[in-house]
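Chain naming here is simple, since letters A, B, ... match the order of the sequence lines and numbering starts at 1 in each.
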Number of protein chains: 2
Amino acid sequence: MAAVSAPSGPPETLSGRERILSAAAQRFLDAGYVETSLRDLAADVGMKAGSMYYHFESKDALLIAVLERGMSLMVDAFEEVVDGFAVAGVDNAIESAADQRLAAHITAHLRALHDNRAFTAGHVTLFRTAPQVVREAVLPLRDGYEARWTALLAEVLPDRSIDERTMLRLGLFGAMNASIEWLDTGRGTVDRFARLVADQFWRGVGSEPSEESSGKGKR
Amino acid sequence: MAAVSAPSGPPETLSGRERILSAAAQRFLDAGYVETSLRDLAADVGMKAGSMYYHFESKDALLIAVLERGMSLMVDAFEEVVDGFAVAGVDNAIESAADQRLAAHITAHLRALHDNRAFTAGHVTLFRTAPQVVREAVLPLRDGYEARWTALLAEVLPDRSIDERTMLRLGLFGAMNASIEWLDTGRGTVDRFARLVADQFWRGVGSEPSEESSGKGKR
DNA sequence: CCGGCTACCTAACAAACGTTAGGCAGATCT
DNA sequence: AGATCTGCCTAACGTTTGTTAGGTAGCCGG
């Protein structure tokens with residue numbers, strides 16, 4: 001009765017709470033937060049509405065849990081790329097590798113976004129209209145991810161002003177995150193889009209297309 | 001009592017219906033569709049909830065009206081640019097003007113988006129989760145606008161494959177439309193972002209920044 | 001065998017929602 | 001002056017919602 005949050009130690013009950021979490025993420029994303037009733041949600045996991053209060057103290061807490069997991073997955077993906085470049089040797093070509101570093105992070109962002117779509121997409125579609133309690137709870141994690149990208153762009157585009165870098169970052173995020181609304185999940189498709197975004201972001205679209213044409217070569 | 005839809009002929013009452021429309025657009029955008037109650041909305045315009053059924057036959061119809069106006073404004077802005085280039089002479093330099101045509105449309109899109117933010121932003125934030133009836137009603141207008149951009153990109157990027165053009169268009173839309181969530185309205189700011197997006201889209205970010213640096217020149 | 005814990009269920013609560021029927025003051029038209 | 005229409009109000013309806021209190025079957029350590 002005191003704390004429902006953690007049962008005791010390591011024995012994380014993975015069936016009950018986890019099933020609710022996944023179903024909630026999916027339904028929140030498909031139908032929206034308010035449009036999703038706890039009764040429908042409970043039916044998805046074979047429960048009754050009131051039963052879920054054993055695992056989560058409120059509907060808001062459920063949304064917070066979903067969004068926190070989503071953002072954690074994104075942060076992890078970012079750090080994985082950082083670690084990858086760290087072992088590759090710092091004394092590599094610093095300048096010429098800038099576009100490759102950026103490309104790697106773009107790919108990682110898009111992969112993490114689509115591989116865990118149910119959890120991550122909520123940050124794009126329903127964070128904005130989420131209850132204030134929810135937004136405040138998840139904001140630290142979001143800010144952390146944003147800060148990583150801000151730092152990355154500062155290293156990779158040192159000649160741009162801060163204002164321009166901010167706008168470029170937000171524009172890049174917009175281009176990438178909007179893909180959850182139209183891109184059919186599938187590793188191949190995601191990677192192709194990632195290459196296109198990275199290529200276009202760095203070299204633009206005015207010059208001739210890169211050599212590796214995809215699918216049916218128009219050329 | 002038979003049909004409330006159209007009063008009679010041209011005498012469109014502009015005070016009542018219009019005030020509801022504006023207030024609804026603002027509240028839908030700020031709080032979301034379901035989160036906005038007709039009672040709160042009515043209070044905004046100094047009415048009672050039931051009174052609004054004189055002007056709109058349902059809450060869904062209200063949202064449809066808001067979204068339709070928003071998309072009409074976007075379409076008009078697009079066509080205005082087309083007309084502008086038409087009078088400028090068709091036999092201009094076709095190839096070299098491609099980037100300028102694109103830049104003009106990007107600026108027009110962003111201006112129309114932010115100048116009528118209350119109406120237009122709904123297509124970004126709440127179309128996705130709107131009731132199916134609403135989405136179906138507004139879809140023709142949206143498709144029309146999309147088709148215009150598809151045609152534009154086909155003329156401006158003839159060497160790219162259809163798949164790539166689609167992805168580039170969706171990416172560009174994502175970058176532009178996401179700005180409603182962070183860009184503080186103001187013609188100067190909007191135009192600066194428009195130039196940055198157009199420049200980055202065409203020439204990329206890898207080369208040195210364009211000569212006209214904004215605000216404090218980092219250079 | 002027994003007390004307690006886990007994981008669920010049942011039943012009900014108050015509040016809020018979209019929507020409707022009927023009424024009513026004031027302007028406009030005939 | 002009477003009729004009609006416009007624009008709004010009041011009051012209520014049925015439904016759905018998040019949430020809670022209390023109960024219960026099964027497992028598990030002692």
Task: Phosphate-side-chain proximity, A/Y54 and C/dA7, N/O vs OP1/OP2 below 4.0 Å - done: yes
TODO: Grab the CE-P distance between B/M52 and C/dC17 for me, whole Å please.
DONE: 12 Å
TODO: Would you mind reporting whether B/L141 and B/S72 have side-chain heavy atoms less than 4.5 Å apart?
DONE: yes
- [ ] List the protein contact pattern of nucleotides 15-26 of chain D with one symbol per nucleotide (5' to 3'): B for base contact, S for sugar-phosphate-only contact, - for none; contact means a heavy-atom distance under 4.0 Å.
- [x] --BBBB------
Task: Pair B/R19 + B/D44: basic N to acidic O under 4.0 Å - done: no
Open item on the list: Does a side-chain N or O of B/H55 approach OP1 or OP2 of D/dT6 to a distance below 4.0 Å, or not?
Closed with: no
TODO: Whole angstrom is fine here: how far is it from CZ in B/F56 over to P in C/dT19?
DONE: 13 Å
Task: Rounded distance (Å) that lies between atom P of C/dT19 and atom CG of B/L62 - done: 10 Å
- [ ] Among residues two or more places apart or on two chains, list those pairs meeting side chain to side chain donor-acceptor pair (under 3.5 Å) that have a residue in residues 145-154 of chain B.
- [x] B/E79-B/R148, B/H109-B/Y145, B/Y145-B/W149, B/T150-B/R169
- [ ] Check B/V81, B/L152, B/I106 against B/R101 for a side chain to side chain contact (heavy atoms under 4.5 Å, CB included) and give me the one that passes.
- [x] B/L152
- [ ] Considering just the side-chain nitrogens and oxygens of A/K48, establish if one lies under 4.0 Å of OP1 or OP2 belonging to C/dC8.
- [x] no
TODO: Cation-pi check, A/K59 to A/F28: give yes when NZ or CZ is under 6.0 Å from the six-membered ring centre and within 45° of the ring axis, no otherwise.
DONE: no
Task: Salt bridge B/D199-B/R203, side-chain N to carboxylate O under 4.0 Å - done: yes
